[in-house]
Amino acid sequence: VLSFVGAYRGHSRYAVLRLEEQGKTVWHCSPSVTGSYSIHVARGNYLTLGLGYVRGAAITPRVADSITFTANWGIYL
């Protein structure tokens, strides 16, 4: 199974303005994209590999973008 998910999170302009007035660095929005692929390995065993990208993971402080790789092994009895 192949899946892709995109999301966009905008922050309140009032909250952003308040943080900027305090001298903090902020992100005004946070778009993200995630993709994953699930593989049937053996009877009852599945491997899911995923890769995600987030721009502006938190409203403050303004940190670098992140790329995350995940691997999940699922066993179903």
Side-chain angles (χ1 to χ4, degrees):
V1 175
L2 182 64
S3 68
F4 292 99
V5 177
Y8 180 87
R9 181 180 56 198
H11 303 298
S12 159
R13 65 183 170 129
Y14 301 108
V16 169
L17 200 62
R18 172 80 44 124
L19 292 167
E20 287 175 336
E21 287 173 351
Q22 295 173 10
K24 297 182 178 179
T25 58
V26 297
W27 286 103
H28 293 268
C29 61
S30 179
S32 63
V33 177
T34 303
S36 66
Y37 183 67
S38 295
I39 305 165
H40 180 246
V41 179
R43 184 175 177 215
N45 290 275
Y46 292 84
L47 174 64
T48 303
L49 303 173
L51 189 63
Y53 169 78
V54 179
R55 182 174 189 266
I59 188 171
T60 190
R62 191 173 179 142
V63 295
D65 300 347
S66 67
I67 295 177
T68 306
F69 173 76
T70 58
N72 180 41
W73 189 274
I75 301 173
Y76 299 92
L77 304 173

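Keep in mind that the numbers below use all heavy atoms, side chains included, and drop hydrogens, waters and symmetry copies.
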Less than 4.5 Å apart, any side-chain heavy atom of Phe69 and any of Leu51? yes

Residue pairs passing the side-chain hydrogen bond (donor to acceptor under 3.5 Å, both in side chains) test with at least one member in residues 59-70, sequence neighbours excluded, are Tyr53-Asp65

To the nearest 0.5 angstrom, please state how far the CD1 atom of Ile75 sits from the CZ atom of Arg43. 13.5 Å

With clusters defined by side-chain heavy atoms of hydrophobic residues (ILVMFWY) lying less than 4.5 Å apart, directly or transitively, does Leu2 cluster with Ile39? yes

Quick one: list whatever passes ring-ring contact (aromatic ring centres under 6.0 Å, His included) with Tyr8, sequence neighbours left out. none

Main-chain N/O of Ala42 paired with His40 side-chain donor or acceptor, under 3.5 Å: yes

Between Leu49 and Val41, is there a shared hydrophobic cluster once you connect ILVMFWY residues whose side-chain heavy atoms come closer than 4.5 Å? yes

For the SG atom of Cys29 and the CZ atom of Arg9, what is their distance to the nearest 0.5 Å? 9.5 Å

Minimum heavy-atom distance Trp73-Asn45, with the two atoms named: NE1-OD1, 3.1 Å

Going from OG on Ser30 to CZ on Arg55, what distance comes out if it is rounded to the nearest 0.5 angstrom? 9.0 Å

If you link I, L, V, M, F, W and Y whenever their side-chain heavy atoms are under 4.5 Å apart, who else ends up in the same group as Tyr76? Tyr46

